[in-house]
Amino acid sequence: MNIETLEFFGAMAGHQRLGPDAMVLRGFALPFVSELMPSIADVEAVSPFRHMVTPSGFTMSVALTNCGALGWATDRRGYRYTAIDPESGKRWPAMPDVFARLANEAATAAGFNDFDPDACLVNRYLPGARLSLHQDKNERDYEAPIVSVSLGMRATFMFGGLKRTDPTIKVSLYHGDVMVWGGVDRLRFHGVMPLKEEPHPLLGSQRINFTFRKAG
DNA sequence: CAGTGACC
DNA sequence: TGGT
């Protein structure tokens, strides 16, 4: 893939370090995209995107689904990982091989060997959708990193500290970028600013994000 | 408790 | 737009 192609799809090659154990792998997922897209449709066919409700009673602007043995879910009772999709009553769809392969290779590129995720949260952002600052802390242990794959429209990602009130840095995430954080950065607060409408040539006015985790 | 939103 |  040449640099003109990378620029057309919105990603520059290279790495950007955000912390001792946190980095953006620019365009890392681009070679996987043609395999990824049909797999999203397969997942969605079994477990459709839906807007979940937080314990505080707010409906999330991001629509989500999951694949893998465990899926992240929220309702009035709290956050948790489940083996069963509460909407369908069935297991979350299996994690497609290409998902696991991408997650493992990205983790390795960022310095985390043998990443074997059992959960993939799939988030769909339409214009205006956002995700407030939060920590990923429902996982059983924090040894494994978080691997986050961006597809479609650009997002402004916020990366903060270990306290919600710590200052944040903002970084644009483009189609094909993969963000990896673990180690001393594993529990840093992070979120996504409301998406601006900047249609993407492949996905149109949406952003799809995969977040891979070792949850169980 | 909270992955939100209102208000300054 | 950033902080509370």
Side-chain angles (χ1 to χ4, degrees), chain A residues 18-19 22 24 40 43-44 47-88 92 95 99 103 117-142 144-173 177-182 185-198 206-216:
Chain A
L18 300 183
V24 183
I40 299 173
V43 169
E44 190 178 358
S47 286
F49 288 100
R50 80 296 303 263
H51 295 271
M52 287 186 174
V53 174
T54 68
S56 315
F58 297 110
T59 300
M60 295 177 69
S61 58
V62 171
L64 68 88
T65 183
N66 290 276
C67 62
L70 295 171
W72 185 86
T74 179
D75 59 19
R76 297 306 295 262
R77 306 196 312 266
Y79 307 145
R80 61 198 163 273
Y81 282 94
T82 69
I84 301 294
D85 175 354
E87 194 101 339
S88 70
W92 298 105
M95 194 183 304
F99 281 38
D118 55 15
C120 176
L121 170 59
V122 185
N123 284 321
R124 187 186 62 200
Y125 296 75
L126 299 182
R130 55 178 288 230
L131 202 55
S132 302
L133 274 186
H134 66 277
Q135 294 171 298
D136 290 6
K137 57 185 303 185
N138 294 102
E139 299 72 32
R140 201 176 48 74
D141 72 65
Y142 306 135
I146 305 293
V147 173
S148 170
V149 176
S150 295
L151 296 177
M153 289 204 297
R154 184 188 67 84
T156 301
F157 186 77
M158 296 175 285
F159 202 56
L162 299 182
K163 301 193 306 288
R164 188 183 296 275
T165 52
D166 286 343
T168 62
I169 58 170
K170 289 182 181 178
V171 53
S172 282
L173 295 179
D177 289 349
V178 181
M179 166 100 195
V180 181
W181 66 100
D185 296 315
R186 173 63 179 73
L187 287 175
R188 282 172 69 158
F189 276 84
H190 56 280
V192 175
M193 299 283 293
L195 246 74
K196 293 181 183 167
E197 169 124 37
E198 297 166 346
Q206 64 173 335
R207 169 176 189 257
I208 302 286
N209 174 76
F210 306 131
T211 305
F212 294 96
R213 301 157 174 164
K214 183 88 176 160

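The model shown is predicted, which means the values in this text are computed figures rather than measured ones. Side chains included, hydrogens not; waters and symmetry mates left out as well; all remaining heavy atoms used. Below, read A as the first sequence line, B as the second, and so on, with proteins coming before strands; counting in each chain starts at 1.
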statement: note: K163(A), atom NZ; dT4(C), atom C1'; distance rounded to Å ~ 15 Å
query: At under 4.0 Å between heavy atoms, what does K170(A) touch on the DNA or RNA strands: base, sugar-phosphate, or nothing?
result: sugar-phosphate
- prompt: Below 4.0 angstrom, N of the basic side chain to O of the carboxylate: do R140(A) and D118(A) qualify?
  reply: no
- request: Pick base, sugar-phosphate or nothing for N123(A), based on heavy-atom distances below 4.0 Å to the nucleic acid.
  value: nothing
statement: Separation of dG2(C) atom P from F189(A) atom CZ, nearest Å, is 18 Å
statement: Which of V192(A), N209(A), L64(A) passes side-chain contact (heavy atoms from CB on, under 4.5 Å) with L131(A)? Answer is V192(A)
message: From CZ of R130(A) over to P of dG2(C), roughly how many Å is that when rounded to an integer?
response: 13 Å
- request: Grab the OH-P distance between Y79(A) and dT4(B) for me, whole Å please.
  value: 7 Å
Distance, rounded to the nearest Å, where F58(A) contributes CZ and dA6(B) contributes C1': 9 Å
task: Can you tell me the distance, in whole Å, between the CE atom of M60(A) and the P atom of dG5(B)?
output: 10 Å
message: Under a 4.0 Å threshold between the charged nitrogen and the carboxylate oxygen, would R80(A) count as salt-bridged to D75(A)?
response: yes
- prompt: Looking across every strand, which nucleic acid part, if any, lies under 4.0 Å from G191(A) by heavy atom: base, sugar-phosphate, or nothing?
  reply: nothing
query: Hey, does S56(A) reach any base, or is it just sugar-phosphate, or nothing, if we go heavy atoms under 4.0 Å?
result: sugar-phosphate
- request: Identify the nucleotide, in any strand shown, that forms a Watson-Crick or G-U wobble pair with dT1(C), with both distances under 3.5 Å; if there is none, say none.
  value: none
query: Roughly, in whole Å, what's the span from CD in Q135(A) to C1' in dA2(B)?
result: 10 Å
Any strand: nucleotide that pairs with dC1(B) via Watson-Crick or wobble, under 3.5 Å: none
message: On the six-membered ring of Y142(A), is R186(A) placed so that its NZ or CZ lies under 6.0 angstrom from the centre and within 45° of the ring axis?
response: no
- prompt: Rounded to whole angstrom units, what separation is found between the OH atom of Y125(A) and the C1' atom of dT4(B)?
  reply: 13 Å
field: Closest non-hydrogen atom pair, T74(A) against T54(A)
entry: OG1-CA, 3.6 Å
